[in-house]
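First listed ligand is number 1; within each ligand, the first listed atom is number 1.
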Amino acid sequence: MDDSLTVNLANWDERAAAHAASPDYGVDRFLTDPTFISQVVAFDRPRLGALDGRTGLHLQCHIGTDTISLSRLGAQMTGLDFSGAALEEARRLADRTGAPVRFVQSDVYSALDVLEPASFDLLYTGIGALCWLPNIARWAETVAALLAPGGRLFVRDMHPMLATLEAHPDRISLDFPYFEKPEPTIFDGPGTYVATDAQFTSTVTHEWNHGLGEIVSALLGAGMVITGLAEHDSVPWEALPGHMSVDADGEWRLTERPWRLAASFTLQAQRPSLA
Ligand SMILES: C[S@@+](CC[C@H](N)C(=O)[O-])C[C@H]1O[C@@H](n2cnc3c(N)ncnc32)[C@H](O)[C@@H]1O
């Protein structure tokens with residue numbers, strides 16, 4: 001395993017239990033309300049359309065809350081993540097809710113070693129996923145190979161513009177790469193993005209940004225057809241602390257003039273059907 005993968009895996013393994021216990025992931029709500037779906041999936045529900053009977057794969061599924069939400073909307077779901085600790089939480093939630101979801105452990109780039117090629121008609125990837133992958137072209141090739149002809153990719157992630165910014169008490173600065181670079185940007189932070197009292201010892205992460213054009217071009221290069229691209233002024237967590245406010249939809253926007261920033265995006269693409 002390369003150094004970045006080892007460092008990131010230690011970080012994610014350590015956070016899984018704390019995330020499952022945090023009110024921000026709403027695990028209890030999945031248990032008490034069989035119709036509850038995660039805020040991330042609810043946000044995109046108008047764009048997702050009918051999922052009944054779809055064979056879906058959720059890449060980087062974490063503790064399974066979005067995967068189970070897609071299952072509740074009718075898709076037959078598989079979740080993939082490289083973190084055994086995250087999958088333990090995901091399987092526990094699926095068992096407790098009776099969700100018929102399968103979870104598999106793998107690095108995204110090795111997904112074709114554990115999953116059948118061309119076997120999914122929906123591939124979903126959610127907020128905070130692409131920044132963990134060094135090479136967006138390789139991701140797009142993997143996605144295209146997993147999808148059946150005619151299958152559909154649905155991505156909602158942090159906007160690469162947001163990922164360039166650093167929040168300070170009195171200002172926001174443009175500090176980090178917009179375009180993909182071979183070497184990671186290395187962060188060292190004590191916490192995580194949800195409310196928790198947990199103390200962490202694995203605090204370093206290795207991350208990569210990918211420009212929106214690079215993501216679109218990677219998908220086109222892998223033979224996919226782009227079918228939708230929407231940019232949003234919001235994200236589901238306080239990405240720029242001190243500069244954002246939460247709205248009734250649970251999404252965070254710049255407190256002042258939120259129209260200045262594209263904070264997240266939803267991208268849809270399709271693998272062409274066989275002629
Ligand atoms: C922020 S979560 C994204 C999921 C979703 N938005 C959520 O909050 O539940 C990122 C996930 O990516 C996984 N991950 C990071 N790098 C990965 C890799 N190379 N292969 C597979 N999973 C990876 C982590 O284990 C983590 O569960």
Student: Any N or O of Val108 that comes nearer than 3.5 Å to an N or O of ligand 1?
Tutor: yes

Student: So with a 6.0 Å cut-off around CD of Gln76, is the heavy-atom count from everything else above 12?
Tutor: no

Student: Measure the shortest side-chain to side-chain distance between Ser71 and Pro100 over non-hydrogen atoms and say whether it is less than 4.5 angstrom.
Tutor: yes

Student: Provide the number and element of each atom of ligand 1 under 4.0 Å from a heavy atom of Ile127.
Tutor: 1 (C), 3 (C), 4 (C), 5 (C), 6 (N)

Student: Using a 4.0 Å cutoff against the non-hydrogen atoms of Leu133, which atoms of ligand 1 qualify?
Tutor: 19 (N)

Student: Among all protein heavy atoms, pick the one closest to atom 22 (N) of ligand 1 and tell me residue, atom and distance.
Tutor: Phe82 N, 3.3 Å

Student: Does Leu5 have a non-hydrogen atom less than 4.0 Å from ligand 1?
Tutor: yes

Student: Going by heavy atoms, is Tyr193 under 4.0 Å from ligand 1?
Tutor: yes

Student: Does Trp132 reach ligand 1 with a nitrogen or oxygen that is under 3.5 Å from one of the ligand's nitrogen or oxygen atoms?
Tutor: no

Student: For atom 2 (S) of ligand 1, which protein heavy atom lies nearest, and how many Å away is it?
Tutor: Trp12 CH2, 3.7 Å

Student: Would you say CD of Glu183 has more than 12 non-hydrogen atoms from neighbouring residues, nucleotides or ligands within 6.0 angstrom?
Tutor: yes

Student: Give me the nearest non-hydrogen protein atom to atom 7 (C) of ligand 1 as residue plus atom name, then the distance to 0.1 Å.
Tutor: Tyr25 OH, 3.3 Å

Student: Could you report the tightest heavy-atom contact between Trp208 and Pro182, atom names first, then the distance?
Tutor: NE1-O, 3.3 Å

Student: Does CG belonging to Asp175 count more than 12 external heavy atoms closer than 6.0 Å?
Tutor: yes

Student: Is Val40 near ligand 1, meaning one of its heavy atoms is under 4.0 Å from it?
Tutor: no

Student: Taking the side chain as everything from C-beta on, heavy atoms only, tell me whether Val114 gets closer than 4.5 Å to Leu80.
Tutor: yes

Student: When you measure from atom 19 (N) of ligand 1 to every protein heavy atom, which one gives the shortest distance, and what is it?
Tutor: Asp107 OD1, 2.8 Å

Student: Any heavy atom of Ser106 sitting closer than 4.0 Å to ligand 1?
Tutor: yes

Student: Report, as yes or no, whether the 6.0 Å neighbourhood of atom CZ on Arg45 holds more than 12 heavy atoms from other residues, nucleotides or ligands.
Tutor: no

Student: Which heavy atom of the protein is the closest neighbour of atom 4 (C) of ligand 1, given with residue, atom name and distance?
Tutor: Gln60 O, 3.2 Å

Student: Going by heavy atoms, is Asn8 under 4.0 Å from ligand 1?
Tutor: no

Student: Do the rings of Tyr25 and His19 sit parallel, tilted or perpendicular, given the 30° and 60° boundaries?
Tutor: parallel

Student: Is it the case that the side chain of Glu231 and the backbone of Ala262 share a donor-acceptor pair, with hydrogens and angles ignored and the cut-off at 3.5 Å?
Tutor: no

Student: Which residue owns the protein heavy atom closest to atom 10 (C) of ligand 1, what's the atom, and how far is it?
Tutor: Gly128 O, 3.4 Å

Student: Can you check whether Pro177 reaches Thr185 side chain to side chain, under 4.5 Å on heavy atoms?
Tutor: yes

Student: Nearest protein heavy atom to atom 11 (C) of ligand 1, by residue and atom, and its distance?
Tutor: Asp81 OD2, 3.7 Å

Student: Counting each atom of ligand 1 from 1 as listed, which ones have a heavy atom of Asp66 under 4.0 Å away?
Tutor: 5 (C), 6 (N)

Student: As an exercise, identify every atom of ligand 1 less than 4.0 angstrom from a heavy atom of Ser83.
Tutor: 25 (O)

Student: So, Glu141 and Arg138, do they make that salt bridge, N to O below 4.0 Å?
Tutor: no

